[in-house]
Protein chains: 2
Amino acid sequence: MKTLGYAILGLLAQESLSGYDLTQLMKGRVGNFWSARHSQIYPELARLEDGGYVTHRVVEQRERPDKKVYEITAEGLSALREWVTQPPPPNVPRDELVLKAYSVWLADPEKAARLFREEALRHKEQLAHYEEMRTWMERERGEDVRRADSPWFAGYAALRRGIIYERGYEEWCNWVADQLEKYMHP
Amino acid sequence: MKTLGYAILGLLAQESLSGYDLTQLMKGRVGNFWSARHSQIYPELARLEDGGYVTHRVVEQRERPDKKVYEITAEGLSALREWVTQPPPPNVPRDELVLKAYSVWLADPEKAARLFREEALRHKEQLAHYEEMRTWMERERGEDVRRADSPWFAGYAALRRGIIYERGYEEWCNWVADQLEKYMHP
DNA sequence: ACCCGCATGTAAGTCGTTACATGATTCT
DNA sequence: AGAATCATGTAACGACTTACATGCGGGT
């Protein structure tokens, strides 16, 4: 099974969801380090069901289209449990901005500095958003967040990665901009 | 033109290189935030030449196969310069380990802690490697590293991103492992 | 009247990886 | 003798994105 399958199972392990629900979640929550569109999710759900990892029941709705609600099976759970502790293949992060930085010596320093300040801002905002979620979690779910067997702990752990990532990114962007500006007016 | 094209131009802007040379570089240097295999690089070089961004001359070698050495053209340079200051499309980093963290509440905490300690070690090693390069650059190229119009500055900037990234990653892995262990023997 | 949200799919196209293919020289 | 390095390409396959396709109900 591929990673996307486990991403879906990871969400279904917490609650039963429709393809549509999954699509919404995959641009937020986990989505900050993994994302997918509905065109990937629907076929993958079919494959997961084929493999016996999930089942679905049709929920009829008035005034809304019917939906298929997917539930993880025992086999799905144990496959997921197994996967979690397997070492992942080495990850080469792709980041276009770092690539741009690598050629920044060719650019107009003023334009470049502006770019990096803008990017810093973007990451500052994302960081603020994460910090808000963090505060909320600590206040409202302080108990669960400390229990290693609680989904809240896991969500909190993923969130912390996001916070560290964005903090570091913002810092770096500002450092690059600083250097460029120092060079312009020393 | 796609990102890979600019990655190649970025390297050729510093020195003329063969496809083979480029292949080697694309698993190191820039490669820490962008990588490619030779099967991608050779066709892309052909496309770049088609577009007038690079030219090549054949260098005959005794006791080695002949090679094509590629050089960036004036059009190539100006296209690269333009690209550098254009804001990149929003980046959704994909990271399987964070995904695993998200489902870690299901796993055996002992196994999971071991996994995160191992990953922490991996990033610690990568960090040490980066720090070494950094020290070397500051000592041997201290002058150039401060000039915003020097390729050394750009390389140093990209390196700093690597350092911050790895430092943050190691810290996070250890934090996750700490929490799991605290939960096992409080 | 039109757009948005809910809801589920398929098809075409792009980007990247793995594998196929070849061949000389140098190191072990 | 066999593996590793230099050197350049193509082909098959997989993952992901964008676009195509449909349809109802509610809000502006």
Side-chain angles (χ1 to χ4, degrees), chain A residues 1-8 12 16-28 30-51 54-70 88-96 99, chain B residues 1-8 11-12 16-28 30-31 33-50 54 56-70 88-96 99:
Chain A
M1 205 194 328
K2 45 184 174 180
T3 308
L4 175 62
Y6 293 108
I8 292 173
L12 292 181
S16 294
L17 297 162
S18 68
Y20 187 83
D21 295 335
L22 283 163
T23 302
Q24 304 311 310
L25 289 173
M26 299 282 272
K27 15 178 160 161
V30 208
N32 295 300
F33 286 92
W34 204 274
S35 72
R37 310 289 168 90
H38 78 277
S39 61
Q40 248 191 306
I41 290 169
Y42 287 113
E44 185 61 29
L45 279 169
R47 273 189 291 273
L48 287 171
E49 188 154 41
D50 229 58
V54 302
T55 51
H56 83 268
R57 70 209 139 85
V58 175
V59 174
E60 284 167 48
Q61 300 177 115
R62 305 142 252 161
E63 307 175 347
R64 282 270 163 270
D66 294 1
K67 61 178 175 179
K68 298 182 183 177
V69 174
Y70 288 87
N91 190 23
V92 184
R94 283 163 185 282
D95 190 324
E96 205 172 321
L99 209 57
Chain B
M1 205 194 326
K2 45 184 174 180
T3 309
L4 175 62
Y6 292 107
I8 291 174
L11 290 165
L12 292 180
S16 294
L17 296 163
S18 69
Y20 186 84
D21 296 335
L22 283 163
T23 304
Q24 304 311 310
L25 290 174
M26 299 281 273
K27 15 177 159 160
V30 208
F33 286 92
W34 205 274
S35 73
R37 310 290 168 90
H38 79 275
S39 61
Q40 249 190 307
I41 290 169
Y42 287 112
E44 185 62 29
L45 279 169
R47 272 189 291 273
L48 288 171
E49 188 155 40
D50 230 58
V54 302
H56 83 267
R57 70 207 139 84
V58 175
V59 174
E60 285 168 48
Q61 299 179 114
R62 309 139 250 163
E63 305 174 350
R64 282 268 165 269
D66 294 359
K67 61 179 175 179
K68 299 183 183 174
V69 174
Y70 288 86
N91 190 24
V92 184
R94 283 163 184 281
D95 190 323
E96 205 172 321
L99 209 57

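Please read all numbers here as calculations on a predicted model, not as lab measurements.
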Return the nearest nucleotide to the side chain of Lys68(B); candidates are dG9(D), dA7(D), dG9(C). dG9(D)
Value in whole Å for how far the C1' atom of dA15(D) lies from CD1 of Ile8(A): 13 Å
Starting at CD of Glu44(B) and ending at P of dT8(D), how long is that distance when rounded to a whole Å? 16 Å
With a 4.0 Å limit, can you tell me whether Tyr20(B) has a side-chain N or O closer than that to the phosphate oxygens OP1/OP2 of dC6(D)? yes
CG of Asp66(A) versus C1' of dG9(C): gap in Å, rounded? 15 Å
Contact class for Glu63(A) vs. all strands (heavy atom < 4.0 Å): base, sugar-phosphate, or nothing? sugar-phosphate
Please report the distance, rounded to the nearest Å, between CE in Met26(A) and P in dC16(D). 9 Å
Write down the distance between CD (Gln40(A)) and C1' (dA11(C)), rounded to a whole number of angstrom. 15 Å
Would you sort out whether Tyr70(B) and Leu48(B) count as a side chain to side chain contact (heavy atoms under 4.5 Å, CB included), showing the intermediate values? CA-CA 10 Å; Tyr70(B) 288 86; Leu48(B) 288 171; over 6 Å; no
Any donor-acceptor pair under 3.5 Å from Asp50(A) side chain to Arg47(A) backbone: no
NA contact type, Arg62(A), heavy-atom cut-off 4.0 Å: base, sugar-phosphate, or nothing? nothing
Mapping Ala36(B) and Pro65(A) onto DNA chain C by nearest heavy atom, which one lands closer to the 5' end? Pro65(A)
Does Arg37(B) make a side-chain N or O approach to OP1 or OP2 of dT18(C) shorter than 4.0 Å? yes
In whole angstrom, give the distance that lies between atom CD of Gln24(A) and atom P of dG5(C). 10 Å
Taking for each residue the nucleotide of DNA chain D bearing the nearest heavy atom, is the 5' side occupied by Ser18(B) or by Arg94(B)? Ser18(B)
Determine yes or no for a side-chain-to-main-chain donor-acceptor pair under 3.5 angstrom, with Arg57(B) supplying the side chain and Val69(B) the backbone. no
How long is the line joining CZ of Arg47(A) and P of dT10(C), in whole Å? 11 Å
Run Met26(A) and Leu4(A) through side chain to side chain contact (heavy atoms under 4.5 Å, CB included) and show every step you take. CA-CA 10 Å; Met26(A) 299 282 272; Leu4(A) 175 62; 3.5 Å; yes
Does dA15(D) have OP1 or OP2 sitting under 4.0 Å from an N or O in the side chain of Lys2(A)? yes
Side-chain N or O of Tyr42(A) versus OP1/OP2 of dT8(C): is the shortest distance under 4.0 Å? yes
Check every atom of dG23(D), dC16(D), dT8(C) against the side chain of Trp34(A) and return the nucleotide holding the closest atom. dC16(D)
Want to settle it: does Gln61(B) or His38(A) sit nearer the 5' end of DNA chain D, counting the closest nucleotide to each? Gln61(B)
Side chain to side chain contact (heavy atoms under 4.5 Å, CB included) assessment of His56(B) paired with Ser16(B): CA-CA 9 Å; His56(B) 83 267; Ser16(B) 294; over 6 Å; no
What's Ser39(A) touching, base or sugar-phosphate or nothing? Going by heavy atoms closer than 4.0 Å. base
Whole angstroms only, please: what is the NZ-P distance between Lys67(B) and dT22(C)? 25 Å
